[in-house]
Amino acid sequence: MGKSRFKFLKPEDIRKLSNYEFAPKYVVEGYLAGRHRSRQQGVSSEFRDYRAYVPGDDISTIDWKIFARTDRYYVRTFEQETNTACYILLDSSASMGFGEKISKLEYCSFFAAALSYLVTKSDNLVSLELFDDKIRSFHPPGSTKAHLNNLMHVLESNTPGNRTSLSQALKKSAPLFKRKGSIVLVSDFFDNPAEIFAALSQYLHRGFKVYLFHILDPDEIKLAPKGLNLFIDMETGLRLPVHPESANKLYRASLDLHISSLRKMSIRRQVEYVTARTDTHYYTLFDRLTK
Amino acid sequence: MSVLLANPALLPLLAIAALPVLLHLFSLTKPKTYRFSSIELLEKIAKKTRRIRKPQDILLLITRTLLLAALAFMFLQPLLFSDRRLSSMTTSRDIVIILDTSASMAYLERGQTRFASACAEASELLRSLSLMDKSNIIYMKSRPEAIFPETGSNVAYMRENLRRASVSSENGNVEAAIRMAVEMLSDTREGIKEICVISDFQKTQWKDSVKLDIPDSIILTFIKVGGETGGNQAVTRVSTSPSFPLLGEDISFHGELRNFSPSPERVNVFFRSGEVHESTSLVIPAWGSATATFSAGGGIFERHESVSGADDIVAEGRWLRQNPVIPYEFSIGEDSFFEDNRRWGLLKVAERLRVGIVEYSPDPAESWRRSLSLFPWIELTAEHPGSISPNEEYDFLLLSGWDGSNLPEIKRLLIMGVAVVCAPAAGLPLSSLQSLVSPGEGESTATVLEENSTNQNPFRMKIINDKHKLFSLFSSGEHGDPVGALVLSRLRLPERIFSSQDMIISYSDGVPALLHGGLAENRKLFVWNIPLASTRSNFARRVQFVPFMAEFILSAPLPGEDLSHLADYFPGESILCTPNFPFSAGDIELIGSEQTPLSFSISKLNTGIAPSAIAPLSLVSSPISRTGVYSWISGNGLISSNVVNFPIQESDFRSIAISTLGKRGTPALAGAGNVSSMRNGKMLWPWLLAFAVILLLAEGLLTLWAGKMSQTP
């Protein structure tokens with residue numbers, strides 16, 4: 001896909017993402033799929049690609065020619081080994097529509113599009129699910145170009161929906177995720193952390209690798225307006241008069257507590273947890289992934 | 001109290017006070033809306049901040065409203081009036097101003113006397129009266145004086161009178177002034193009646209005991225002039241010791257100085273008597289006293305000039321007969337109040353003591369005569385019992401073997417201050433002896449009887465009051481025991497003869513030998529029960545007898561120690577003179593301290609001393625206004641002198657707190673310009689400004705506090 005006509009995947013994005021060609025391959029394979037390499041004995045007849053050698057690999061699969069050229073160890077991978085799925089769950093609730101310059105939903109859509117591109121480029125399967133308090137749409141894993149185009153269309157036509165319920169969406173998605181793989185949950189996480197992790201536990205038990213990307217707008221971190229304002233909840237419609245100047249510090253402390261709670265639970269469950277602001281480029285999310 | 005507005009046209013400005021309320025209500029009803037992703041977190045903290053914020057918001061609202069209201073009200077220039085004053089603006093008033101003209105009002109403060117301030121206040125008060133009002137002024141001194149006998153409308157004359165008025169050296173009689181004012185207002189027409197007292201409210205003058213008997217229908221207002229304390233030093237008392245010296249005796253002059261200020265003061269003290277000038281310096285502690293003493297020998301008398309100005313130095317005896325009293329003066333350096341910096345005294349020197357002996361029986365008269373005639377300073381006269389006259393001038397009268405006769409004359413002499421030594425005769429009713437003191441004393445029916453003893457067992461005496469001056473010569477023992485005589489015959493007297501007595505010597509069985517009776521009545525009566533005839537005792541044959549008699553005469557209180565004509569007079573009082581020789585008005589002059597003649601009149605005043613049969617009249621001066629020495633002079637020289645001294649209570653300038661007078665009158669105002677604020681209303685704008693400043697500070701503090709509380713997680 002040299003040129004893209006899609007909103008969330010611009011040509012310049014593709015160019016930048018191409019820089020991630022080798023590394024992203026590693027990211028996609030080694031990072032996203034590394035731990036989930038097949039344990040099946042024998043090698044498939046269909047050569048797929050190369051990947052970096054990791055301790056434990058069968059040394060008979062090392063490609064000595066590449067070693068001679070590069071002084072690095074690479075193994076040949078076969079279809080079976082690299083056939084993992086990346087399930088992208090994109091929160092499309094009403095709260096994701098918040099944001100003055102760029103809404104959280106748009107920001108996450110950029111990220112989801114880029115990630116989808118990278119996954120399909122490395123011939124892995126990518127799935128996309130849009131949800132709010134229910135599953136709005138589910139697109140099974142695929143790796144073809146047509147599948148990617150379809151996902152771009154879905155992202156472009158996506159709009160903020162109703163209330164958030166991450167736990168419900170996760171619970172209902174379980175039967176849909178037939179293949180093992182990675183789950184990338186992109187949301188603003190305005191939900192109960194305990195319920196979220198309760199819903200995630202079934203995936204963790206099944207061996208899924210879970211990544212949580214917590215996206216917030218700067219105005220959600222520091223309340224912007226001055227003076228007495230009537231805050232209207234975008235999901236519930238509830239109203240609340242607030243003095244942002246006097247509430248900011250307490251609000252920030254409360255938000256930090258929420259984030260901290262999510263982070264602690266993530267560490268405990270060996271779940272990757274990344275926070276990001278919409279005023280930083282979504283590339284940074286990939287940088288965070290490679291650390 | 002009522003409030004009037006000087007600028008009522010600006011009343012709509014008060015609407016500005018509603019601004020914070022309107023803004024508050026407006027912000028509550030129509031805040032800006034803001035769509036937010038999730039208010040879940042905000043809901044939790046909003047409850048908490050609302051709990052904190054609401055009372056702070058309300059307090060801020062109240063503070064800001066009050067602040068704007070105070071500022072707006074200030075521009076309206078409110079004036080505070082008493083309700084009575086308000087009602088008086090439309091009703092006629094009768095007002096009596098009591099202006100304190102006592103001596104303390106001459107105190108100088110901040111360039112003007114308290115009296116000047118008081119006159120200014122009074123003048124201001126008169127100026128504020130309307131045509132319907134009537135007024136009068138009472139000058140409060142020792143005898144208050146009113147300008148008019150009743151209230152009137154001649155304000156111009158009263159103001160003129162105020163301009164010419166001056167402060168006196170007198171004490172102020174508060175009760176008399178108030179009484180006069182009340183009487184004046186009792187006859188007035190219907191309307192508001194008011195007494196306004198303008199004074200420095202000196203503590204010594206306005207004691208709690210001062211009764212302000214004012215009907216409820218009369219408004220009593222106080223206006224205070226002068227500060228709370230004024231530092232002052234004064235000469236408060238002068239005296240000599242001995243009080244009545246004899247010719248040639250050494251005299252000490254004592255001047256008591258007091259410091260009426262909160263810090264110690266060093267003063268220079270000056271003494272003057274004729275050409276004798278002495279000085280010293282001493283420190284008087286804060287609110288304390290000190291005494292300066294100057295000693296003078298007998299030669300002091302030689303250095304006095306005669307009052308007439310003649311420069312011849314007369315012989316002591318003749319001069320003293322012409323100048324029976326010697327004035328002396330204590331003074332200190334000038335301070336901010338100099339009226340009390342000088343004080344005078346009069347020293348009466350006796351050339352000789354005049355002792356009369358009335359011989360009802362020879363014992364003890366003979367021995368008395370024999371011993372007393374040895375002393376040149378005793379002028380001894382023998383009196384026949386039938387010739388005792390209360391007009392005779394004795395210092396002492398010795399009654400030898402008194403049988404009870406001449407009782408009225410002897411009583412009169414006792415009243416006049418003559419010391420009477422009574423050796424009663426056997427058979428004298430005890431009641432006669434007792435009645436010499438007072439009629440109530442003469443109740444005993446007993447009779448004085450003689451009793452005898454033997455050589456083997458004589459009566460012995462002992463000293464009871466060894467502190468008596470009589471025994472000071474014998475206290476060293478050098479002169480032996482003055483009462484160690486043997487007595488074979490005495491009178492049997494009861495131990496207690498008078499209700500108030502001082503036993504000086506008694507017999508060993510308690511029978512009085514020598515006692516001083518009638519102490520309570522201030523009588524100088526001695527009962528002598530020591531026989532002196534050789535057949536009855538050896539008392540008179542002992543070597544101690546003569547010095548004993550001398551000491552006894554000298555120790556007895558001399559007549560005239562309480563002589564009223566030597567007592568202090570105070571400004572405002574009339575001084576008296578009762579010559580003991582025939583005179584006519586043209587013969588006598590009264591010369592004041594500035595050598596100017598003063599007016600006086602002749603009257604039959606009862607001075608408490610029996611007037612002379614020859615000269616039953618007294619000379620009474622006009623009320624004396626100034627302190628100093630005043631001399632009554634006739635062609636033969638000085639008849640008598642009087643001193644008019646400053647009243648001590650006027651020297652202490654501490655004043656009472658007006659609040660303590662509150663119960664007795666409407667609260668007074670302090671400081672100058674009070675009358676105008678009282679009449680024209682008290683301006684409230686400074687108070688409102690101060691209130692606004694306080695509210696501004698409070699608003700700032702509340703805002704800070706609100707910020708801190710809301711930041712606290």
Side-chain angles (χ1 to χ4, degrees), chain A residues 91 93-100 103-105 160 163-166 187-193 215-221 223-259 261 278, chain B residues 16-65 67-68 696-713:
Chain A
D91 185 348
S93 62
S95 62
M96 291 295 284
F98 182 80
E100 199 175 319
S103 70
K104 286 183 287 185
L105 185 61
R163 299 179 67 156
T164 308
S165 183
L166 284 155
S187 170
D188 53 11
F189 285 91
F190 282 124
D191 205 346
N192 189 318
I215 310 300
L216 289 170
D217 187 275
D219 287 346
E220 286 176 319
I221 298 169
L223 301 173
K226 302 260 184 267
L228 181 67
N229 278 259
L230 194 63
F231 278 52
I232 302 173
D233 192 308
M234 291 167 76
E235 292 189 2
T236 62
L238 289 173
R239 294 168 177 235
L240 182 72
V242 177
H243 277 281
E245 295 97 333
S246 53
N248 245 325
K249 202 165 177 181
L250 282 174
Y251 169 76
R252 181 60 192 267
S254 195
L255 181 65
D256 287 344
L257 191 65
H258 178 65
I259 293 170
S261 176
T278 56
Chain B
I16 206 175
L19 202 61
V21 178
L22 290 172
L23 285 171
H24 178 77
L25 291 172
F26 186 73
S27 67
L28 280 180
T29 55
K30 272 227 176 282
K32 275 198 307 186
T33 58
Y34 183 73
R35 288 175 61 78
F36 195 65
S37 50
S38 174
I39 62 169
E40 191 181 330
L41 291 176
L42 283 170
E43 265 180 333
K44 288 175 195 161
I45 59 174
K47 277 181 198 161
K48 190 177 174 187
T49 55
R50 225 190 341 262
R51 272 201 303 274
I52 297 166
R53 190 85 194 182
K54 197 162 184 183
Q56 291 165 347
D57 280 346
I58 291 171
L59 273 174
L60 267 173
L61 177 65
I62 293 169
T63 308
R64 285 166 181 163
T65 307
L67 173 62
L68 286 176
L696 198 61
L697 287 169
E699 199 253 358
L701 288 169
L702 269 171
T703 312
L704 275 171
W705 176 50
K708 266 193 183 163
M709 289 298 285
S710 61
Q711 299 306 324
T712 309

Subject >> Region of A:Asp217 in contact with chain B, defined by heavy-atom distances below 4.5 Å >> reply: neither

Original post:
How long is the gap from CD on B:Glu40 to CG on A:Asp233, to the nearest 0.5 Å?
Top reply: 8.5 Å

Original post:
Using non-hydrogen atoms only, which part of A:Leu257 is less than 4.5 Å away from chain B: side chain, backbone, both, or neither?
Top reply: neither

Original post:
By side-chain hydrogen bond (donor to acceptor under 3.5 Å, both in side chains), which residues pair with B:Ser38, not counting sequence neighbours?
Top reply: none

**OP:** Work out which heavy atom in B:Leu41 is nearest to a heavy atom in A:Ser254; give both atom names and the distance.
**Re:** CD2-OG, 3.5 Å

Original post:
Do A:Leu238 and B:Glu43 come close enough that some side-chain heavy atom pair is under 4.5 Å?
Top reply: yes

Subject >> Nearest non-hydrogen partners of A:Ile232 and B:Ile39, listed with the distance >> reply: C-CG2, 4.4 Å

Original post:
What distance separates A:Glu235 CD from B:Ser37 OG, expressed to the nearest 0.5 Å?
Top reply: 8.0 Å

Original post:
When rounded to the nearest 0.5 angstrom, what is the spacing between CG in A:Asn229 and CZ in B:Phe36?
Top reply: 11.5 Å

Subject >> Which residues share a side-chain hydrogen bond (donor to acceptor under 3.5 Å, both in side chains) with A:Asp188, sequence neighbours left out >> reply: A:Ser95, A:Lys104

